Structures are given as structure tokens and as C-alpha cells.
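Only one structure is covered here, and it is reproduced in the block below.
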Amino acid sequence: MRLYDSLSQEKKEFVPRDEGHVTMYFCGPTVYNYVHVGNARPYVVSMVAKRYFESLGYRVTLVENITDVDDKIIQKANAEGRSAAEVGAEFAQAYRDDTDRLGLGRPDVEPLATEHIREIIDLIEKLIESGHAYQSGLDVYFKVGGFADYGKLSKQQVAEMRHGARVGVGEDKADPLDFALWKGAKPGEPSWDSPWGAGRPGWHIECSAMSIKYLGKGFDIHGGGRDLIFPHHENEIAQAEGALGAPFVRFWMHNGMLNLGDEKMSKSLGNILTLREILDRYRPEALVMVFLGSHYRSPMELNTEVLEEAEQQVNRLRNVFAALADRVEAGGGAAPDEKTGATTAVALLERVTARERAFADAMADDLNTAAALAEIFGLAREANAALAAGEVDADTATQVRAKMGEMVHVLGLDAVAGSGGDIPVDIIAMAEERQKCRAARDFTRADELRAAISERGYEVRDVPGGFKVVAAK
RNA sequence: GGCGACGUGGCCGAGUGGCUAGGCACGGGUCUGCAAAACCCGCUACACCGGUUCAAUUCCGGUCGUCGCCUCCA
């Protein structure tokens with residue numbers, strides 16, 4: 001496959017460092033509150049990438065950190081009279097709960113900064129020994145001027161950056177561009193013992209320390225939002241390569257930002273910004289669908305329109321899976337056909353093969369999920385058409401369903417292939433009652449029953465020889 | 001000011017030097033007691049101005065506009 005690397009700014013052929021094993025690290029959220037819906041994008045991108053690599057037969061180790069110590073967490077804790085650890089733990093769990101609802105599974109490792117203080121201190125010591133860092137008062141800073149490649153990821157000129165650089169209060173840096181590796185403890189702050197006294201790690205160092213710990217030097221893919229390119233990832237490179245004396249990462253993968261500026265969203269729904277709120281209003285797979293609909297590197301709109309549209313797209317895929325399942329359940333062969341005859345099922349399987357290939361090509365081209373998704377929709381139309389024509393036998397339906405199931409699985413849309421859950425018996429009873437009314441041509445009563453079923457969140461459809469009840473949403 | 005991305009049909013959004021993206025919405029039809037689902041048909045675009053080319057939405061230059069980053073925001 002070919003993967004875009006933000007450092008070289010080009011698509012490159014992706015071959016893992018270790019044969020058969022892909023190593024990935026993504027920057028997760030800082031948990032000072034419920035996560036913003038924007039935090040869901042790198043999570044979804046990384047999980048889909050993992051699934052894709054797995055579909056190619058690779059073993060994948062995906063590490064995604066959770067930053068549970070930083071200024072905002074401390075601020076919130078102090079404002080609420082709680083400990084920073086308590087606030088961090090609460091929202092780290094909320095983050096896991098929220099992303100769990102997306103149904104994509106969990107990264108292989110989700111390290112917390114506070115549980116890796118030892119590794120962080122070790123890395124800082126290495127940087128001091130190699131002359132890349134220095135102690136100043138109770139703080140330790142990285143010496144940017146001593147790292148020749150500084151700026152290579154963000155394409156910034158060090159001299160230019162120096163113009164606008166600010167130095168915060170209480171900081172005593174040799175160069176305004178130097179950044180904190182270790183911050184001496186101030187009153188009311190959580191701290192850990194270190195060779196430089198009690199303090200806490202700077203933001204960037206945890207990712208260098210933890211990614212190296214779990215994935216080693218020169219691992220395959222390091223990802224996160226574009227906005228992290230500078231300073232976060234630039235600094236990670238400086239720290240890691242300064243300490244390792246070797247390349248840190250092989251591919252830098254950055255997802256585009258979400259555009260939430262749509263006034264309709266804020267007007268009608270009151271500024272939905274947290275992932276939690278979105279998931280309370282829309283099916284999780286609809287949000288995943290929205291993410292898949294645009295390329296991961298592109299900026300993306302997120303508003304009520306696109307979410308509602310995605311709900312429709314989810315319905316469409318659900319329907320075709322349900323139709324295939326029904327065909328399988330019905331069993332038997334295809335209805336004899338006048339023109340196309342027995343070859344139609346074969347033709348459909350050929351379409352499946354062609355679509356699978358196009359799907360694979362799209363994903364192999366820098367994870368083009370939008371194009372891959374188009375293949376699934378195309379196949380949905382073809383399968384529906386063949387089903388409607390009665391040209392699909394149960395065996396073919398089984399195969400088509402399995403192949404489509406594999407495709408939606410790679411994209412993390414397993415939910416659309418599911419049975420949709422059991423229909424409550426009383427709903428079934430109402431639908432049966434309705435059938436009797438229809439048979440008796442009591443359409444008024446039949447329509448009342450359908451309305452009642454609809455109010456319970458289900459939809460009854462008349463199909464040849466009976467009826468079908470589906471969850472409305 | 002510096003770095004980077006981007007301007008596609010009613011909306012979202014892929015992609016390409018000449019060949020239908022896809023979805024949603026909309027209109028017409030088939031089916032149907034009604035409806036839904038599904039299928040068929042229609043809707044055919046590429047900011048603007050130059051240039052290169054037999055041919056540009058697709059390459060090059062410029063203009064206008066939008067967005068992200070430029071010290072701690074995915």
C-alpha cells in the first residue's frame with residue numbers, strides 16, 4: 001500500500017519495519033473533560049488503519065496514549081476542590097466509554113502519562129547526558145538550538161520562530177524556543193520525585209517515552225491531528241532523535257480538522273461539541289460513516305445535515321444486509337429467469353469480486369475510505385437489483401453477505417451487518433394483528449397499528465407473503 | 001508575515017490529461033389498500049483569468065476566496 005507521510009510530504013510505499021508486524025502510535029486526548037467530537041477522528045482513523053492492516057494479514061500493535069496530567073486538568077481539579085488524579089481518572093474512563101460506543105474496539109495499549117514517570121525521567125536523563133537538555137532551577141528544558149533538524153516536520157525556520165516566541169512567567173530558558181521536559185512543582189500541583197526535585201513531565205515528553213517503550217526506535221506510524229504537527233510532534237522528534245541518535249518514526253500520519261462552524265448545528269441543537277452528545281443523538285455508526293465519507297487528511301464538515309445523511313446511508317446498508325439475510329434464511333435456489341437464467345447469480349459474484357478489488361485498491365491508496373465506501377454502495381445496489389429480480393439463490397446470498405461483511409468490517413461498520421437486535425414479542429404481536437386486519441380489509445385499524453408500532457421505534461414493512469419488522473433507527 | 005491545505009453539480013464528497021465516482025435530497029415511473037423498502041429513469045459539476053496540449057476539472061502561472069498551524073488545541 002501507499003501511505004502519505006507528512007514529513008516527506010509524499011505518498012510512499014508502506015513496508016513495516018518488522019516483517020509481518022505493523023507498529024503504530026497515535027496521540028490520544030488530554031482528559032480534562034468529556035472529549036470533543038474532534039478527538040474521535042484520530043481514534044477512528046487509527047482503528048480503521050489497524051483493521052485494514054489486519055485485513056492484509058499483518059499483526060498490528062496500536063498504542064494510543066491518554067494524557068492525564070497537564071495544566072487544564074490541574075486547573076479543573078483545583079476549581080472543583082478535587083485532586084488532579086481524580087479528574088484525570090474520571091475523564092479517561094469517560095473517554096474509553098465514549099469511544100467504546102463507536103464499536104471499533106480498543107487500541108492494544110492505552111498508556112497513561114502518570115504511569116510512565118520512570119520512563120520519562122530516564123529519557124530526560126539521556127537528553128541531559130547527551131547535551132540536548134539542561135536544568136534551569138527546578139525545570140529541565142530541551143535545547144532546541146542543539147538539534148539541527150528542528151523544524152523539519154512543521155517546515156518552520158528556527159530563526160523565524162524565534163521572532164514570535166514567548167516566554168511564560170516563571171520560565172527561565174536559555175532560548176525562547178526551548179521547551180519544558182520537566183516542570184518543577186508549584187504549590188497545589190501534583191508532583192513526582194525526580195533527580196531535579198519534585199515536579200511533573202512536560203506535555204511532549206510522554207509520547208516520546210511511551211512510544212519508544214512500547215514500539216522501539218524507528219517504529220512505523222505515528223499519528224494524530226494536524227494541529228499537533230507543531231509544536232507537539234516537532235518536539236517529539238527532537239526529544240526522541242536527540243536521545244536515540246536514530247530516526248524516531250517512519251511515517252507521520254496526520255488527520256484533518258473537523259469544521260464545526262455550521263450555525264445550524266449550534267442553533268438547533270445548542271452547540272453539540274462533545275462526542276458523548278453526538279452519540280446520544282445519532283447512531284455511532286452514523287458518526288463513523290461521516291468520518292469515512294471524507295479522506296482522513298481532508299478537513300471535514302460535521303453538522304446536523306451530514307449526520308442525518310449518514311443515518312440514511314447506514315439505513316441503506318442495513319437494509320441490503322437484512323435483505324441478504326432474509327434470502328439466506330428463505331433458502332433454496334433462484335426463481336427461474338426468462339432472460340438471464342442461471343448465470344445471474346454468477347454475474348453477481350463476479351461483481352462482488354470486482355468491487356472487492358476496487359475496494360482494496362482504494363484502501364491501498366492512502367486509506368481512501370470514501371472511494372472504498374462507494375464500492376460497498378455500488379455493490380449494495382447490484383445486490384438489491386439481483387434480489388429484486390429473484391435471481392439470487394441462498395448460497396449466493398450467503399457468499400455476497402460474507403464478502404460485504406468483510407468490507408464493512410474493515411471500515412468499522414460491523415453494526416450495519418448485524419441483525420439489528422431482537423424485535424420485542426409484543427411488537428411482533430401487533431404486526432400480526434395488523435396482518436389480520438389487512439386480510440379483513442380493515443385498513444383503518446391496520447394503519448393505527450402501524451402508527452403504534454412506529455411510536456415504539458419500529459417500522460413494519462409489507463413484503464410478499466407476509467411482513468417484516470425492523471428497528472426504525 | 002512564515003509554513004501547509006483547499007476551492008467539484010441542491011448538499012456532502014472521491015477522482016482523473018480524453019472513458020458513469022458514490023451517497024443524500026429532488027422529480028418521474030414500477031411495486032403496493034396505504035406506506036416503507038427496493039429497482040428503473042432523470043438531474044452531469046469541477047472558483048476566476050491566462051498558458052502548455054490534438055484535448056484540462058485534472059499540468060503550469062496568476063487572481064480571488066476559505067481553512068489549519070506558527071509554544072502547550074485531535
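This one's a predicted model, so the numbers in the text were calculated from it and none came from an experiment. Convention: sequence-line order gives letters A, B, ...; per-chain numbering from 1.
Side-chain N/O atoms of A/S298 include one lying less than 4.0 angstrom from OP1 or OP2 on B/A14. Residue A/N368 places at least one side-chain N or O closer than 4.0 Å to OP1 or OP2 of B/G15.
Across B/U20 and B/G13, the matching P atoms stand 24 Å from one another, rounded to whole Å.
Contacts of A/L387 with the nucleic acid, taken as non-hydrogen atoms under 4.0 Å apart, are absent. Contact annotation for A/H295: backbone-only contact, meaning every heavy-atom pair under 4.0 Å involves sugar-phosphate atoms and none involves a base.
Side-chain contact, A/H409 with A/R51: a donor N or O sits under 3.5 Å from an acceptor N or O. Under the 3.5 Å distance criterion, with hydrogens and angles disregarded, no donor-acceptor pair is assigned to the side chains of A/N65 and A/E110. Side-chain atoms of A/D97 and A/Q93 form a donor-acceptor pair, as typed in the model, at a separation below 3.5 Å.
No donor-acceptor contact under 3.5 Å links the side chain of A/K72 to the base of B/C73. Judged by distance alone with a 3.5 Å cut-off, no donor-acceptor contact links the side chain of A/D70 to the base of B/C72. You won't find any donor-acceptor pair under 3.5 Å spanning the side chain of A/R41 and the base of B/A74, going by distance alone.
Considering only side-chain atoms of A/F377, the nucleotide from B/G33, B/U71, B/G23 that sits closest is B/G23.
Remark on RNA chain B: of its neighbouring residues A/Y4 and A/G225, the 5'-side contact belongs to A/Y4, judged by nearest-heavy-atom nucleotide. If A/S154 and A/V460 are placed on RNA chain B by their nearest nucleotide, the residue sitting closer to the 5' end is A/S154.
In this structure, A/N319 places its CG atom 11 Å from P of B/C24, rounding to the nearest Å. Spacing between atom CG of A/L287 and atom P of B/A74 amounts to 17 Å, rounded to whole angstrom units. Atom CZ of A/R438 is separated from atom P of B/A35 by 12 Å (rounded to the nearest Å). Between the CD atom of A/Q313 and the P atom of B/C24 there is a distance of 6 Å, given to the nearest Å.
Cation-pi check for A/K12 over A/Y4 is not met; the charged atom does not lie both under 6.0 angstrom from the ring centroid and within 45 degrees of its normal.
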